[in-house]
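What follows is a single structure, written as structure tokens, with notes after it.
We're numbering straight along the sequence, starting at 1.
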Amino acid sequence: MSIKTLPVACDRLTQIAREFGTPFHLYDEAAIRENVRNFLKAFDWAPKFKEYYAVKALPNPYILDILKEEGCGADCSSMAELYLAEAVGMTGENACFTSNDTPISEYRKALEMGVIINLDDITHIEYLRENACLPELISLRYNPGPLRKGGNEIIGFPEQAKYGLTGQQLLEGIAMCRDNGTTRFGIHTMIVSNELNCNYLVDTAVMMFKLAVQIKKIMGIEVEFINLGGGVGIPYRPEEEAVDLEVLGAKIRGAYERILVPAGLGEIALMMESGRMVTGPYGYLVARALHRKETYKNYIGLDACMADLMRPAIYGAYHHITVVGKDGQPCCCLYDITGSLCENNDKFAIDRYLPHIDIGDLLVIHDTGAHGYAMGFNYNGKLRSQELLLQSDGSVRQIRRAETLADYFATLDYPGLPQR
Ligand SMILES: *Cc1c(COP(=O)(O)O)cnc(C)c1O
């Protein structure tokens, strides 16, 4: 069970909604900090452990500032994310660049920042060398293909995923890099997404530890770090259980000591690129009930839409919903909770039993702190919400304003459209 609570009392939330207007994503700074500390503590046995927060999960520099203070780096995969990392001072080996199908301009920016470059394909070695340069430190992304069972529905089975090098290519790639002057190596993988089963996450570590041993045996090269990627799940549904980070850390430690240490590889650093698990549970999309509609089903239309949170619409993902101030009331009404897009998938919940909702009620959609705001789009000319930070001292700060029509029209040079 994971109990879905609000980060502040109902009265306070109502007050915040009145002050800033709805809709908004609200992020809980104190909870994010506490969670990161527990995460890093679970891996403090490793010779070197660093979490490179996946910027794509919540690309807001104010959040990155917090994570930086807690000792995290950044995992970037686009030009914009590189700039965000640079702006908050996550450069050099405090950031990594795990991209795919990468344009040279992005590699050049990554090289200029001195970040750890994680190559997605063997052809990118030559591409980098010809168009920029091969750095002294290179990481290569491994895709085990059908060797490994247990892919899940977001990433799919590894052999169906576009990411990474095959085992054979990985060995060839290391040789190519070495022959071109690279002296330091890392290996990376990411083959699960939103995984709640601790054992699958440990399996990934075991696979990578064995790969490091193999690289040493075959090529005489000791990799400097192993990057286990992201993919740690969170309990979106109340009946689901969060991954116990302490147990995860201990099990990975067991594998490290069983596989790497006896092979003389007990100094290898561990990295992770978690996004969802770090901030996901500590974000809340707060919206107001705008309309009630009773046709073949009962609908409640909100002032937020899938521009603010796409996961339910594109993955059919469950996000828990709380009707503010009605916690004690029975969930006696069956609703579809919708947004205003002309797209029938624009629903935050389908056939959800909730307390009776009145127009004007505040609804909180839980677990929007990762892949929430970030995935939003402007289809139908819908504008994305503001982002608010509930700071550790209890005060609220706007860390991104809502989009305006002028933002939407900014790329059009045409008379008569609002530009300001
Ligand atoms: C998306 C992504 C992550 C973060 O995944 P989470 O599920 O948020 O932990 C990490 N690394 C890479 C390469 C990614 O594409």
Side-chain angles (χ1 to χ4, degrees), residues 1-18 20-26 153 194 234-240 280-373 375-377 379-380 382-386 388 402:
M1 281 290 288
S2 54
I3 298 162
K4 299 291 175 189
T5 55
L6 300 180
V8 289
C10 293
D11 291 356
R12 174 75 175 120
L13 194 59
T14 305
Q15 187 195 2
I16 296 167
R18 214 178 297 126
F20 290 91
T22 52
F24 54 83
H25 286 269
L26 181 68
E153 71 187 293
N194 194 25
I234 60 170
Y236 285 101
R237 294 173 183 273
E239 64 271 22
E240 288 171 338
Y282 314 109
Y284 306 80
L285 174 58
V286 181
R288 215 177 267 288
L290 201 59
H291 294 289
R292 172 201 319 287
K293 171 166 180 165
E294 292 170 0
T295 51
Y296 305 101
K297 300 185 84 174
N298 292 331
Y299 298 98
I300 295 291
L302 304 185
D303 60 3
C305 68
M306 67 186 285
D308 305 300
L309 179 68
M310 305 251 299
R311 298 188 71 260
I314 64 173
Y315 301 136
Y318 179 96
H319 279 260
H320 198 68
I321 295 178
T322 300
V323 185
V324 175
K326 295 190 170 173
D327 232 16
Q329 297 183 19
C331 292
C332 56
C333 302
L334 188 62
Y335 291 120
D336 279 13
I337 306 294
T338 80
S340 58
L341 241 76
C342 293
E343 156 58 61
N344 196 39
N345 284 327
D346 183 20
K347 293 168 186 157
F348 293 111
I350 296 172
D351 294 332
R352 184 79 55 90
Y353 280 103
L354 290 167
H356 178 81
I357 297 171
D358 292 296
I359 303 307
D361 277 355
L362 281 181
L363 272 72
V364 175
I365 302 168
H366 291 256
D367 302 306
T368 68
H371 313 296
Y373 177 92
M375 286 175 95
F377 66 164
Y379 185 49
N380 225 179
K382 293 295 175 181
L383 306 174
R384 277 172 292 179
S385 74
Q386 59 191 322
L388 306 179

Under a 4.5 Å cut-off applied to non-hydrogen side-chain atoms, are Lys347 and Pro312 in contact?
->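 They are not in side-chain contact.
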
Would you say the side chain of Leu363 lies within less than 4.5 Å of the side chain of Asp361, judging by non-hydrogen atoms?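 Yes, close enough: below the 4.5 Å cut-off.
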
Checking [X] side chain against [Y] main chain: does a donor-acceptor pair fall under 3.5 Å?
| X | Y | value |
| --- | --- | --- |
| Arg292 | Ile357 | yes |
| Asp303 | Arg288 | yes |
| Ser2 | Glu240 | yes |
| Asn380 | Leu341 | no |
| Arg384 | Gly376 | yes |
| Thr368 | Tyr284 | yes |
| Asp346 | Cys305 | no |

How long is the straight-line distance from CE of Met375 back to CG of Asp308, given to the nearest 0.5 Å?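 With rounding to 0.5 Å, CG (Asp308) is 13.5 Å from CE (Met375).
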
| request: Please round to the nearest 0.5 Å and tell me the distance separating atom CZ of Arg237 and atom NE2 of His320. | output: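 Answer for the CZ-NE2 pair, Arg237 versus His320, is 11.0 Å.
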
Ion pair present between Asp351 and Lys297, side-chain N to carboxylate O less than 4.0 angstrom?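 Salt bridge between Asp351 and Lys297, a charged N being under 4.0 Å from a carboxylate O: yes.
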
| Under a 4.0 Å N-O cut-off, is there an ion pair linking Asp358 with Lys326? |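 Salt bridge between Asp358 and Lys326, a charged N being under 4.0 Å from a carboxylate O: yes.
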
Distance-minimising heavy-atom pair for [X] and [Y]:
| X | Y | result |
| --- | --- | --- |
| Thr5 | His366 | O-CE1, 3.4 Å |
| Ala370 | Arg311 | O-CD, 4.4 Å |
| Glu343 | Met306 | CG-SD, 4.0 Å |
| Asp367 | Pro235 | OD2-O, 4.0 Å |
| Asp327 | Thr322 | OD1-CG2, 4.0 Å |
| Ile350 | Asp336 | CA-OD1, 3.3 Å |

Test side-chain contact (heavy atoms from CB on, under 4.5 Å) applied to [X] and [options], the passing residue:
| X | options | result |
| --- | --- | --- |
| Leu285 | Tyr373, Phe348, Phe24 | Phe348 |
| Val364 | Leu26, Val286, Ile321 | Val286 |
| Leu362 | Thr14, Ile16, Leu302, Val323 | Thr14 |

Looking at His291, I'd like to know if its NE2 atom is crowded, meaning that more than 12 non-hydrogen atoms belonging to other residues, nucleotides or ligands lie closer than 6.0 Å.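 Result for NE2/His291: open.
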
Q.
With a 6.0 Å cut-off (strictly less than), is the heavy-atom count around OH of Tyr353, excluding the residue itself, greater than 12?
A.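 Count not over threshold, so no.
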
#### Entry: Test of ring centre spacing under 6.0 Å for His319 and Tyr236
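Centroid separation for His319 and Tyr236: below 6.0 Å.
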
Open item on the list: Let's go through Leu354 and Ile337 carefully: what are the C-alpha distance in whole Å and the side-chain angles of both, what is the deciding distance for side-chain contact (heavy atoms from CB on, under 4.5 Å) to 0.1 Å, and is it a yes or a no?
Closed with: CA-CA 10 Å; Leu354 290 167; Ile337 306 294; 3.9 Å; yes

